[in-house]
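Hydrogens, waters and symmetry mates play no part in the numbers below; they use all other heavy atoms, side chains included. Here the structure is a predicted model, which is why all the values come from computation and not from measurement.
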Amino acid sequence: ALPILQEGKEQRVSLKCRKQLRVEELEMSEDIRLEPELYESCKTDIRTYCQTIPYGNAQMIECLKENRKQLTPRCHQKVFKLQESEMMDSELDYTLMRVCKQMIKRFCPDTDSKNILQCLKQNKNSETMDPKCKQMITKRQITQNADYRLNP
């Protein structure tokens with residue numbers, strides 16, 4: 001039985017390592033160029049729809065999301081996959097986390113990252129909700145309603 005226990009131990013990733021991976025995932029969503037596969041798949045779409053958008057602050061990814069319906073199939077697929085993972089775990093949604101940072105602290109301080117969007121939705125109409133955050137929540141709701149696969 002001992003070798004089996006050892007095997008299980010080796011497969012566990014330390015919390016510190018998971019946190020570092022999380023940081024890197026967030027950095028990648030912050031600048032599309034740090035995600036070569038997505039960047040390569042969307043280069044032509046970036047030139048077509050997002051030429052004036054600066055890199056950084058996840059603005060490029062937001063632009064691609066907003067033009068989702070017009071994207072080339074390869075880029076569309078990559079952007080969709082990204083949105084899917086963001087909907088499963090709001091912490092990976094750089095723009096939502098940035099725009100709603102204070103509101104998350106106010107309304108959802110102890111909420112698990114997978115339920116942050118849900119928590120924000122529940123507080124969306126509170127009079128102390130920041131208008132920019134409210135707008136972002138609405139944007140994410142529209143995305144979720146556009147495709148059932150984005151509504152976990």
Side-chain angles (χ1 to χ4, degrees), residues 13-152:
V13 180
S14 74
L15 187 64
K16 194 176 173 187
C17 180
R18 282 201 308 266
K19 281 195 161 134
Q20 186 54 41
L21 283 170
R22 169 77 84 206
V23 165
E24 292 191 16
E25 273 183 303
L26 270 172
E27 282 174 357
M28 280 161 64
S29 67
E30 195 266 333
D31 188 336
I32 194 170
R33 293 169 298 185
L34 297 174
E35 214 162 322
E37 220 178 289
L38 178 64
Y39 183 58
E40 285 305 313
S41 302
C42 295
K43 256 184 171 163
T44 55
D45 297 287
I46 288 170
R47 275 196 296 271
T48 308
Y49 305 108
C50 311
Q51 210 170 12
T52 58
I53 306 297
Y55 288 96
N57 265 339
Q59 293 172 92
M60 191 60 72
I61 289 172
E62 258 331 283
C63 174
L64 290 170
K65 285 178 192 173
E66 282 166 16
N67 291 285
R68 192 176 59 246
K69 287 180 172 63
Q70 293 90 267
L71 300 177
T72 56
R74 202 167 146 231
C75 179
H76 184 278
Q77 187 187 3
K78 296 278 180 210
V79 171
F80 184 81
K81 281 270 173 254
L82 179 73
Q83 285 184 296
E84 231 175 359
S85 58
E86 288 175 350
M87 290 300 176
M88 296 300 252
D89 187 347
S90 297
E91 239 176 37
L92 298 176
D93 187 338
Y94 184 88
T95 310
L96 179 76
M97 296 306 285
R98 184 176 51 86
V99 172
C100 294
K101 189 177 182 178
Q102 293 310 316
M103 297 302 104
I104 293 167
K105 279 183 185 165
R106 177 179 295 161
F107 296 112
C108 319
D110 303 318
T111 306
D112 182 70
S113 66
K114 288 164 183 47
N115 302 318
I116 287 175
L117 182 60
Q118 195 52 45
C119 172
L120 287 171
K121 283 197 262 186
Q122 287 164 354
N123 293 286
K124 186 174 127 179
N125 296 315
S126 160
E127 41 192 73
T128 54
M129 176 56 76
D130 173 66
K132 280 194 169 96
C133 178
K134 186 175 180 171
Q135 195 179 357
M136 186 53 62
I137 298 164
T138 304
K139 241 186 202 181
R140 294 304 182 250
Q141 285 178 300
I142 291 167
T143 301
Q144 282 186 322
N145 295 336
D147 193 312
Y148 72 94
R149 292 167 297 179
L150 297 175
N151 205 340

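Listed here is the closest heavy atom pair of Lys132 and Val99: O-CG1, 3.6 Å. When all heavy atoms of Asp93 and Arg140 are compared, the pair lying nearest together is OD2-NE, 2.6 Å. Looking at every heavy atom in both residues, Cys63 comes nearest to Tyr49 through SG-O, 3.6 Å. Residues Ser41 and Cys75 come closest through the heavy atom pair O-CB, 3.4 Å. What you find for Met129 and Asn123 is that their closest heavy atoms are CE-O, 3.5 Å. Summarising the geometry of Ser85 relative to Leu82, their closest heavy-atom pair is OG-O, 2.9 Å, with the distance given to 0.1 Å.
Side-chain contact between Met87 and Thr143 is present, with at least one heavy-atom pair separated by less than 4.5 Å. Between Asn125 and Lys134 the shortest side-chain heavy-atom distance falls below 4.5 Å. Between Met103 and Met136, every side-chain heavy-atom pair lies at or beyond the 4.5 Å cut-off. You'll find the side chain of Val79 reaches within 4.5 Å of the side chain of Gln83, heavy atoms only. For the pair Leu38 and Ile61, the minimum side-chain heavy-atom distance is below 4.5 Å.
A distance of 5.5 Å separates NZ of Lys121 from CD of Gln141, quoted to the nearest 0.5 Å. In this structure, CG on Asn67 lies 11.0 Å from CD1 on Ile46, to the nearest 0.5 angstrom. Between the SG atom in Cys100 and the CD1 atom in Ile137 there is a gap of 5.0 Å [rounded to 0.5 Å]. In this structure, the separation between CD on Glu86 and OH on Tyr94 is 12.5 Å, given to the nearest 0.5 Å.
More than 12 non-hydrogen atoms from other residues, nucleotides or ligands lie less than 6.0 angstrom from CD of Glu66. For Gln70, the CD atom is densely surrounded, since the number of other residues' heavy atoms within 6.0 Å is greater than 12.
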Item checked: Worked verdict on Ile32 versus Leu64 for side-chain contact (heavy atoms from CB on, under 4.5 Å) -> CA-CA 10 Å; Ile32 194 170; Leu64 290 170; 3.5 Å; yes

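For Lys105, the side-chain contact (heavy atoms from CB on, under 4.5 Å) partners at least two apart in sequence or on another chain are Lys101, Gln102. Evaluation of the side-chain hydrogen bond (donor to acceptor under 3.5 Å, both in side chains) rule for Thr95 yields Glu62 as partners, not counting sequence neighbours. Taking the side-chain hydrogen bond (donor to acceptor under 3.5 Å, both in side chains) definition, one finds that Thr52 meets it with nothing, sequence neighbours left out. With sequence neighbours excluded, no residue forms a salt bridge (Lys or Arg N to Asp or Glu O under 4.0 Å) with Lys124. With sequence neighbours excluded, the residues forming a side-chain hydrogen bond (donor to acceptor under 3.5 Å, both in side chains) with Asp147 are Arg149, listed by chain and number. With sequence neighbours left out, the salt bridge (Lys or Arg N to Asp or Glu O under 4.0 Å) criterion links Lys81 to Glu84. Residues that satisfy the side-chain hydrogen bond (donor to acceptor under 3.5 Å, both in side chains) test with Tyr39, not counting sequence neighbours, are Tyr55.
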Distance-only donor-acceptor pairs under 3.5 Å for side chains of residues 109-120, two or more places apart:
from: Thr111; atom 1: OG1; to: Cys108; atom 2: O; distance (Å): 3.4
from: Asp112; atom 1: OD2; to: Lys114; atom 2: N; distance (Å): 3.2
from: Ser113; atom 1: OG; to: Asp89; atom 2: OD1; distance (Å): 3.0

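Side chain of Asp130 to backbone of Cys133: a donor-acceptor contact under 3.5 angstrom is found. The backbone N or O of Gly56 sits less than 3.5 Å from a side-chain atom of Gln59, completing a donor-acceptor pair.
Contacts classified as salt bridge (Lys or Arg N to Asp or Glu O under 4.0 Å) and involving residues 43-53 (residues at least two apart or in different chains) are given here: Glu40-Lys43.
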